[in-house]
Amino acid sequence: MPKRKSAFFIKCGFLGSRDYAQALAWYHKAASHGNSNAENQLGFLAEKGWGEAQDYVEALTWYYKAAEHGNDNAQENLGYLYQHGFGVEMDYAKAMAWYYNAAGQGNGNAENQLGWMYQFGMGVTPDNAQALTWYRTAAAQGNKYGIENLQALTTKLKAGDGSLWQAANASAVQAVNAQSERRARITDLRRRIAELEFDAQQEENLAAQMEQPRTGAAAAVINTIGAVGAVKFRLEAEKYHAEAARLRVELAEMDNDLAARLPNP
């Protein structure tokens, strides 16, 4: 099983010169403003015991906060803890559910872990086609472990008369396409929701400006015009909020549909 590392530390090159006290201070500051990346990193530091005593309860608390904010790395981290029983009772069903959530956002590590679980039957019947599907999806994004596992499994399946490869490959091609379409839809829904909420906020800001009371000779007329204009902006904001809510329902239905199709351990 490949080892996990903090993507943030690797990306920023902090592995060469660590200052965990400074890292914790800055992450706590960012997390206090709802930054999900900081929340995830605080979970990772607590899980590893870097700069503080190892504490899986604290790690889970931060991971859940970040995951609830839609952070795919935190979702993958939760899956990993449940898969291996680190700080929690081992639960393959929960592990796969979190991995699927993260994979839906294009998390290559989660995709690779799903391939691993299917290949080695962790809570499911071993399924080479599913393993190929997830390894390919991870490898397509340049995930190192996905590439290595895809190569190893491909070599294994092609051994002998190649019948295992032919059967698994045929199913995997269709599954990869389906997963790609699902991920693209999820990405589009999240983008549209964010845009709608931004537009709604802009309309509400304009309404608030229009509602500011004026003074002076023409104040009464200006305030009346402003009140009328504010109503228009607030109605537009309500439309944007309503459409965003509708898309959130669609997004939730996709998650519920996925949960219903998850294999039972």
Side-chain angles (χ1 to χ4, degrees), residues 6-8 11-12 23-45 60-79 97-98 100-108 110 141 180-216 218-259:
S6 164
F8 186 85
K11 180 178 180 181
C12 296
L24 284 166
W26 284 110
Y27 286 145
H28 274 290
K29 185 173 183 179
S32 69
H33 296 287
N35 185 293
S36 67
N37 288 323
E39 292 168 342
N40 176 64
Q41 288 304 127
L42 286 170
F44 195 85
L45 291 173
L60 283 164
T61 298
W62 284 115
Y63 284 154
Y64 269 108
K65 284 184 179 180
E68 289 171 358
H69 290 151
N71 189 286
D72 60 290
N73 288 316
Q75 292 167 354
E76 187 266 329
N77 285 331
L78 284 170
W98 282 114
Y100 269 108
N101 284 334
Q105 298 189 67
N107 187 293
Q141 298 189 85
S180 296
E181 291 176 1
R182 176 178 179 273
R183 188 171 62 206
R185 181 56 180 161
I186 289 174
T187 299
D188 182 61
L189 284 172
R190 292 181 182 278
R191 176 188 59 78
R192 291 171 61 191
I193 290 170
E195 290 177 348
L196 286 165
E197 292 295 359
F198 177 80
D199 289 341
Q201 185 61 57
Q202 293 292 94
E203 295 293 328
E204 289 171 347
N205 290 341
L206 290 171
Q209 293 175 19
M210 297 289 287
E211 291 167 343
Q212 288 294 322
R214 269 70 172 183
T215 59
V221 174
I222 295 175
N223 288 336
T224 299
I225 295 174
V228 173
V231 170
K232 177 182 178 182
F233 288 128
R234 294 205 178 277
L235 287 175
E236 287 298 311
E238 289 178 7
K239 290 180 182 179
Y240 289 134
H241 282 310
E243 178 62 10
R246 185 187 70 79
L247 294 182
R248 284 196 183 92
V249 171
E250 183 177 344
L251 189 60
E253 288 175 347
M254 292 182 68
D255 289 337
N256 292 336
D257 179 63
L258 175 60

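Heavy atoms only, all atoms of each residue included: Ser36 and His69 are closest at CB-CB, 3.8 Å. Residues Ala74 and Tyr63 come closest through the heavy atom pair CB-O, 3.5 Å. Closest of all the heavy-atom pairs between Asp72 and Ala102 is O-CB, 3.4 Å. Shown here for Ala38 and Ala31, the closest heavy-atom pair between the two residues is CB-N, 3.7 Å. Shown here for Ala244 and Glu197, the closest heavy-atom pair between the two residues is CB-OE2, 3.5 Å. The heavy-atom pair separating Gln141 from Gly106 by the smallest distance is OE1-O, 3.0 Å.
Checking Gln201 against Asn205 by side-chain atom types alone, a donor-acceptor pair falls below 3.5 Å.
The NE2 atom of His33 lies 13.5 Å from the NE2 atom of His28; values are rounded to the nearest 0.5 Å. In this structure, OH on Tyr64 lies 14.5 Å from CD on Glu39, to the nearest 0.5 angstrom. Once rounded to the nearest 0.5 Å, the distance linking OH of Tyr27 with CG of Leu42 reads 8.0 Å. The distance from the NZ atom of Lys29 to the CG atom of Asn35 is 12.5 Å, given to the nearest 0.5 Å. Atoms CD and OH, on Glu76 and Tyr100 in that order, are 15.0 Å from each other to the nearest 0.5 Å. Note that CD of Glu203 is 10.5 Å distant from CZ of Arg234, once rounded to the nearest 0.5 Å.
Under a 3.5 Å cut-off, the side chain of Gln105 and the backbone N or O of Gly70 do form a donor-acceptor pair.
Contact of the Asn40 side chain with the Trp62 side chain is not registered, since no non-hydrogen atoms from C-beta on lie closer than 4.5 Å. Taking 4.5 Å as the limit, some side-chain heavy atom of Glu243 sits within range of a side-chain heavy atom of Leu247.
In this structure, the side-chain contact (heavy atoms from CB on, under 4.5 Å) partners of Arg185, at least two apart in sequence or on a different chain, are Asp188, Leu189, Arg192, Glu250, Met254.
The side chain to side chain donor-acceptor pair (under 3.5 Å) test with Asn107 is passed by exactly one of Asn73, Asn101, Asn71: Asn73.
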